[in-house]
Amino acid sequence: MINGMFNALSGLRTSAQKLQNSANNLANVQTSGFKKNSVTIGEVKSGGSQLTSTTRVNIQGGILPTGNPTDLAINGAGFFQVALPNGGVGFTRTGRFTTNTDGNMATSDGNEIIPPISIPGNSKGVSINSNGQVSVIVGDATQIVGQIQLANFNNPSELSPQGNNLFTESNSSGAPIASNPGTGGNGTILSGSLEISNVDITEEMLGQITTQAVFTANAKVIGTADEIIGAILNIKS
């Protein structure tokens with residue numbers, strides 16, 4: 001009876017962890033470039049269950065046209081490289097770039113793109129081709145002002161999350177391999193578009209319904225076991 005109660009308690013814990021993961025996925029359904037996380041549950045030899053791993057699913061998200069030339073989607077593999085406040089390098093699939101007060105392309109959080117790209121204040125327009133070349137119109141002339149590079153990894157699922165859909169390299173991910181879009185296994189750039197989250201709302205909602213049913217079943221097992229143990233103790237007393 002005691003073993004059954006502990007098994008049910010482990011079931012409650014793993015169900016709660018699955019629900020928390022699903023809730024995080026749903027909370028980021030509108031986050032550009034977000035990749036959902038999937039959890040794996042395994043059996044414990046002594047009985048019950050436990051969460052054995054959490055894996056980021058790097059499936060390409062859909063493409064949403066925006067018409068803004070500095071909104072960039074990666075069609076294929078790779079990450080944008082941005083400068084972090086601590087001097088490090090971050091990696092992201094979120095391609096919503098703007099021009100900061102210094103005239104440099106940066107994320108909405110202020111992280112400048114690497115290599116740096118400066119947009120002249122007197123430019124009349126910006127264009128970015130599929131290979132990441134950035135051009136502007138100044139006067140009647142077109143000028144090339146920069147080249148976007150993407151970074152790839154041997155194991156991108158093992159990048160270390162830093163929040164706001166930003167990652168840093170880890171020992172497990174391997175070092176970044178930077179190259180121009182369309183080369184080195186990297187995807188191409190789609191200007192005027194954003195990659196949307198790869199979260200499937202229907203899949204997450206169905207998963208939550210199933211997980212909540214398991215949670216309820218385990219809670220009932222604990223309640224029943226508690227009643228039986230209480231009855232036995234009353235008989236003995």
Quiz prompt | Worked check of side chain to side chain donor-acceptor pair (under 3.5 Å) between Asn165 and Thr31 | solution = CA-CA 8 Å; Asn165 211 24; Thr31 301; over 6 Å; no

Quiz item: So, Asn155 versus Ser172: side-chain donor-acceptor pair below 3.5 Å or not?
Solution: no

Quiz item: Looking at Ile114, Thr107, Asp109, Val89, which one forms a side-chain contact (heavy atoms from CB on, under 4.5 Å) with Val82?
Solution: Thr107

Exercise. Mark yes or no for whether Ser22, through its side chain, and Lys18, through its backbone, hold a donor-acceptor pair below 3.5 Å.
Key: no

Quiz prompt | Evaluation steps, side chain to side chain contact (heavy atoms under 4.5 Å, CB included), between Asn25 and Asn37 | solution = CA-CA 7 Å; Asn25 286 341; Asn37 288 312; 4.1 Å; yes

Quiz item: Within the side chain of Thr40, is there an N or O that forms a donor-acceptor pair under 3.5 Å with the backbone of Thr52?
Solution: no

Practice problem: Could you state whether Phe97 and Leu150 fall into the same hydrophobic cluster, counting links through intermediate Ile, Leu, Val, Met, Phe, Trp or Tyr residues with side-chain heavy atoms under 4.5 angstrom apart? | Solution: yes

Quiz item: What residue pairs, at least two apart or across chains, pass side chain to side chain donor-acceptor pair (under 3.5 Å) with a residue in residues 66-86?
Solution: Thr66-Asp71, Asn68-Thr70

Quiz prompt | Nearest-0.5 Å distance, CD1 of residue Ile119 to CD of residue Gln143 | solution = 10.5 Å

Quiz item: Out of curiosity, Glu204 CD to Leu19 CG, how far, rounded to the nearest 0.5 Å?
Solution: 10.5 Å

Quiz prompt | Validation row: Asn198, Asn58 side chains within 4.5 angstrom (heavy atoms) | solution = no

Practice problem: May I have the step-by-step check of side chain to side chain donor-acceptor pair (under 3.5 Å) for Ser160 and Gln162, ending in yes or no? | Solution: CA-CA 6 Å; Ser160 178; Gln162 302 300 313; 3.2 Å; yes

Practice problem: State whether the side chain of Ser173 and the backbone N or O of Glu169 hold a donor-acceptor pair below 3.5 Å, judged by distance alone. | Solution: no

Practice problem: Determine whether Pro176 and Phe153 make a side-chain contact, defined as any pair of heavy atoms from C-beta on separated by less than 4.5 Å. | Solution: yes

Exercise. For the pair Gln147 (side chain) and Asn131 (backbone), establish whether a donor and an acceptor sit closer than 3.5 Å, ignoring hydrogens and angles.
Key: yes

Quiz item: Hey, does Val126 have a side-chain heavy atom less than 4.5 Å from the side chain of Val134?
Solution: yes

Quiz prompt | Co-membership, hydrophobic cluster, residues Val199 and Met205, 4.5 Å side-chain | solution = yes

Self-check item: Donor-acceptor contact below 3.5 Å, side chain Ser197 vs main chain Ser32
Solution: no

Quiz item: So, the side chain of Arg93 versus the backbone of Ile74: is there a donor-acceptor pair under 3.5 Å, distance only?
Solution: yes

Exercise. List the steps and the verdict of side chain to side chain contact (heavy atoms under 4.5 Å, CB included) for Ile117 and Val145.
Key: CA-CA 7 Å; Ile117 298 175; Val145 296; 4.2 Å; yes

Quiz item: Can we say Lys36 and Glu203 salt-bridge, meaning some charged N sits less than 4.0 Å from an Asp/Glu carboxylate O?
Solution: yes

Exercise. Rounded to the nearest 0.5 Å, what's the gap from OG on Ser108 to CG on Asn100? Could you check?
Key: 12.0 Å

